[in-house]
Amino acid sequence: MRLFSSVNDVTDINALVAEGLELKKNPYAHQHLGKNKTLGLVFLNPSLRTRMSTQKAALNLGMNVMVLNVDKEGWALELRDNVVMNGTTVEHIREAAAVMGQYVDILGVRSFPGLKNREEDYTEVIFNKFVEYCGVPVVSLESATRHPLQSLADLISIEELKTRPRPKVVLTWAPHIKPLPQAVPNSFAEWMCKADVDFVITHPAGYELSTEFTQGATITHNQDEAIADADFIYVKNWSAYEPYGQIFGENNDWMLTNDRLKITNNAKVMHCLPVRRDLELSSEILDGPNSIVVHEAGNRVWAAQAVLKQMLEQLQ
Amino acid sequence: MRLFSSVNDVTDINALVAEGLELKKNPYAHQHLGKNKTLGLVFLNPSLRTRMSTQKAALNLGMNVMVLNVDKEGWALELRDNVVMNGTTVEHIREAAAVMGQYVDILGVRSFPGLKNREEDYTEVIFNKFVEYCGVPVVSLESATRHPLQSLADLISIEELKTRPRPKVVLTWAPHIKPLPQAVPNSFAEWMCKADVDFVITHPAGYELSTEFTQGATITHNQDEAIADADFIYVKNWSAYEPYGQIFGENNDWMLTNDRLKITNNAKVMHCLPVRRDLELSSEILDGPNSIVVHEAGNRVWAAQAVLKQMLEQLQ
Amino acid sequence: MRLFSSVNDVTDINALVAEGLELKKNPYAHQHLGKNKTLGLVFLNPSLRTRMSTQKAALNLGMNVMVLNVDKEGWALELRDNVVMNGTTVEHIREAAAVMGQYVDILGVRSFPGLKNREEDYTEVIFNKFVEYCGVPVVSLESATRHPLQSLADLISIEELKTRPRPKVVLTWAPHIKPLPQAVPNSFAEWMCKADVDFVITHPAGYELSTEFTQGATITHNQDEAIADADFIYVKNWSAYEPYGQIFGENNDWMLTNDRLKITNNAKVMHCLPVRRDLELSSEILDGPNSIVVHEAGNRVWAAQAVLKQMLEQLQ
């Protein structure tokens, strides 16, 4: 694997999940692969789970890690071609990415969408330029439209904790106070559509995701209908794809509570975190037996380690 | 040891000091203990000595280290329970701490007091929530009311440099321009009260520390009387415990000079650093033979290494 | 080597270049030298290439690395002696540097000039105080007047890519929108004056560098004359040495294009990066076959590794 940015970069998702679970049992068995190999982690946006879990995964594999907070330790990057750089940007992404590629064996890149210009975000301008110019394998640490390490960790968690062969998995929209990217729901949807699960998406009218990610999913505006008999409920807010980046009203009744879980198959409740308590998801669920959000975050290590291992194997 | 937040977490302080001095002689003898173990260092406030010395201690023990500057690389944490998170905080400490615990074997936490609400500070709201929710052993990197790695390093320095079996140790208040926490003096006091020293505290009227930390110490408002025949003088500013966080006048005559040292037993002068020259402590002392402030800072490594070693031994 | 701040700290620059090229072939052959040794990197200003390449060099040598962003993770340092520190600075560089020296075996320091006070900048007040007080070997990561790791990497690149024994090397001023330090051109000039090359400096009238760095160079205000038959052209903007830190007009015709390269000996074009495209240097050159700027950045690793290796050898 030379690129991990979406489910489409993975030949066999079940094999990758199995690899993650195997690494969870034997985290340190492959340190020869990472010896004298360096992972660079470039953050254009804040990060806690991704920052720590990807570092840990690399260390487990015997790699060195260098972290670069571009906005804080570096400088503003120019993304556009054919402009005279006489403004505030001090380095073009062409040079910056190419130079980073000189110092690392694998590059991880985090870059959120601006939520202003859909075409710019959905063509992954920033992330793809890093891929194009850096010259080394690239792992997405969440880009404008996808968060594949999160989705792989989610699938690992489902595989680990499912109680029937083909579980019902529901992605439900949740309330928030400001417009959030579609990266996590897009990504979760495209992974679930390829996984061995019954997959349902539910959200208020107006929050339809791009059909690019949802082929094969059942989609409904009726949350109760969606979560009935569910084994896993994935809770997440997102803003509209059309009109892009907008939000419509509060929809506070979309927040799940224990009472709402009664119609599920004792569903495990998932969230990528960070979660706003009692706005996106009730404290009673987060503090109760149905929540697996911390377990899920823990699995981020094995997701990252499975991906890095496959990349390292190809670098040998 | 699963918690290192105060002198009360230590069974035998003399044994811990001896361990620190032994590690200073053989820093790299225990790298098997730290192999594949990870220390997370979480900073909610700035740090130089603690950041570097604790990293170095962990590296000496063969550990990996991940540093997280929460305020700069992460996001604002919610500390209160039972609030709808529709404001500026984006993640609750319950989730943040629990998630960090998934990625590290030992967590170090730095969190200063607000100096506004004494009850909040003195119940160690932030630090204790990290302890409660992270699920792994925790080392204080300075909390609202204590700085135990500093105090252990101070005791190591006294043990190393004392010229009589039971030295006289004086904690003296020093001038400053703004209100500082009581964490360092509280902590120094509680360690000295348990150590094999004659311990005296001196400060202007109004700067009494909480008696919780000073049981057994001699307390006087007369600085000359306090430092007479002293072997070690620990210089530090702090604001009042009552009324909380207040300061009263300048008291610039409380700054020590070489002339004032004449009545001491050629006292060694200590400070936790950073120190404001010629405000808290005179340049002539800092640049002269009596100052051991840099030596003391160097001993922070062995203090941290002794604590981490004991924690690692229990993790095996 | 205990200090690497200028070409004058190097006994034999050809041997150091040869060492760099040897390390490029065998990066991991000397990891015994760095075992249990720690490099501290202190940044008072932003950094991308220096940050990453120096870390990589240290890791290649088996060292541990601790990075400290003083302005962001630490606090404001006092540089002046004999002042009462009752203002905004919280720690004196005397203590800060001495303490850092307690935790590391080699210290790297980056500190840009203020461009306000020439004497202050050209006496290297900040950098020299780190050297004076830290007590360990120091590597410049770019100081007020020099950037020696860059210049060594530049010389390595010239040695690697030259097509005749004594190539013609030209340092040319380039346009910019704001005043930049003279550190890179000063440093490049003093290294080239000692290297086995024909060295020419060209710039608009008024941008004369201090003669301290340019002894032996040919200096002309005619760019065409300078670059005729050149093998290497080093492109860089700088502000005036006299009156200090000033700029005079735009001089946009000083930006090189492919057309201008026709009179050269198919010159390789160099730049230390970051470069402002189509202001300092044309995109057509940067994206074309004559640019070696990324290659040059890659060689920063071997420059740093050669210097660190010599320092480590003296520490054994």
Side-chain angles (χ1 to χ4, degrees), chain A residues 27-29 31 41 43 45-65 67 69 71-73 110 153 175-178 180 250 252 255 271-284 286-287 291 293-302 304, chain B residues 32 34-44 46 55 58-59 62-108 129-130 132-136:
Chain A
Y28 314 119
Q31 297 194 338
L41 298 179
F43 291 98
N45 302 97
S47 170
L48 188 157
R49 270 153 289 276
T50 301
R51 178 185 298 272
M52 295 183 79
S53 63
T54 313
Q55 275 189 76
K56 184 69 167 80
L59 294 168
N60 286 350
L61 287 164
M63 299 184 81
N64 295 315
V65 185
V67 178
N69 299 308
D71 49 345
K72 302 198 178 65
E73 298 170 352
R110 162 161 290 198
H176 207 281
I177 56 159
K178 58 175 191 173
L180 295 192
E250 297 197 337
N252 285 336
M255 186 185 78
H271 191 288
C272 61
L273 304 180
V275 63
R276 285 173 175 251
R277 282 180 166 244
D278 296 314
L279 176 66
E280 288 177 85
L281 190 51
S282 61
S283 289
E284 64 178 18
L286 283 164
D287 297 331
S291 169
V293 300
V294 172
H295 181 95
E296 197 184 340
N299 280 337
R300 291 288 306 273
V301 175
W302 320 113
Chain B
H32 57 288
K35 187 169 164 58
N36 292 325
K37 293 284 187 292
T38 302
L39 173 68
L41 298 179
V42 180
F43 292 98
L44 283 76
Q55 275 189 75
L59 294 168
M63 299 184 81
N64 296 314
V65 185
M66 298 195 293
V67 178
L68 189 70
N69 299 309
V70 168
D71 49 344
K72 302 198 178 65
E73 297 169 353
W75 29 60
L77 295 181
E78 179 60 57
L79 306 171
R80 301 165 297 168
D81 283 329
N82 304 314
V83 295
V84 176
M85 286 175 59
N86 56 7
T88 54
T89 56
V90 301
E91 179 151 33
H92 201 281
I93 196 169
R94 285 174 178 253
E95 273 75 48
V99 164
M100 289 174 195
Q102 297 284 312
Y103 306 138
V104 302
D105 298 283
I106 299 173
L107 192 67
K129 283 188 194 285
F130 272 105
E132 184 176 357
Y133 299 120
C134 78
V136 296

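Naming convention: chains lettered A, B, ... in sequence-line order (proteins, then strands); numbering from 1 in each chain.
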If you measure from CZ on R51(A) to CG on N69(B), what distance do you get to the nearest 0.5 Å? 8.0 Å

Looking at M100(B), E78(B), R94(B), which makes the most heavy-atom pairs under 4.5 Å with chain A? R94(B)

CG (D287(A)) and CG (D81(B)) are apart, to the nearest 0.5 Å, by 7.5 Å

Tell me which of these, K178(A), H295(A), E296(A), M52(A), has more heavy-atom pairs under 4.5 Å with chain B than the rest. M52(A)

Separation of R276(A) CZ from T89(B) OG1 (nearest 0.5 Å): 6.0 Å

I'd like to know if the side chain of Q102(B) pairs up with that of N299(A) as donor and acceptor (distance under 3.5 Å, no hydrogens or angles considered). no

Hey, mind stepping through L273(A) and V99(B) against side-chain contact (heavy atoms from CB on, under 4.5 Å) and telling me if it holds? CA-CA 9 Å; L273(A) 304 180; V99(B) 164; 3.6 Å; yes

Tell me, do R300(A) and Y103(B) make a side-chain contact under 4.5 Å, heavy atoms counted? yes

Side chain, backbone, both or neither: which part of S283(A) has a non-hydrogen atom closer than 4.5 Å to chain B? neither

Measure the shortest side-chain to side-chain distance between Y28(A) and K35(B) over non-hydrogen atoms and say whether it is less than 4.5 angstrom. no

Interface check, chain B: of V65(A), V294(A), V293(A), most non-hydrogen pairs under 4.5 Å belong to V294(A)

Evaluate side-chain contact (heavy atoms from CB on, under 4.5 Å) for D278(A) paired with M85(B), printing each intermediate quantity in order. CA-CA 6 Å; D278(A) 296 314; M85(B) 286 175 59; over 6 Å; no

Criterion side-chain hydrogen bond (donor to acceptor under 3.5 Å, both in side chains) on N64(B) and Q55(A), from CA distance to verdict: CA-CA 10 Å; N64(B) 296 314; Q55(A) 275 189 76; over 6 Å; no

Got a second to check how far R277(A)'s CZ is from R80(B)'s CZ, nearest 0.5 Å? 13.0 Å

Nearest-0.5 Å distance that lies between atom CD in E91(B) and atom CG in L48(A): 6.0 Å

E250(A) side, atom CD; N86(B) side, atom CG - distance, nearest 0.5 Å: 9.0 Å

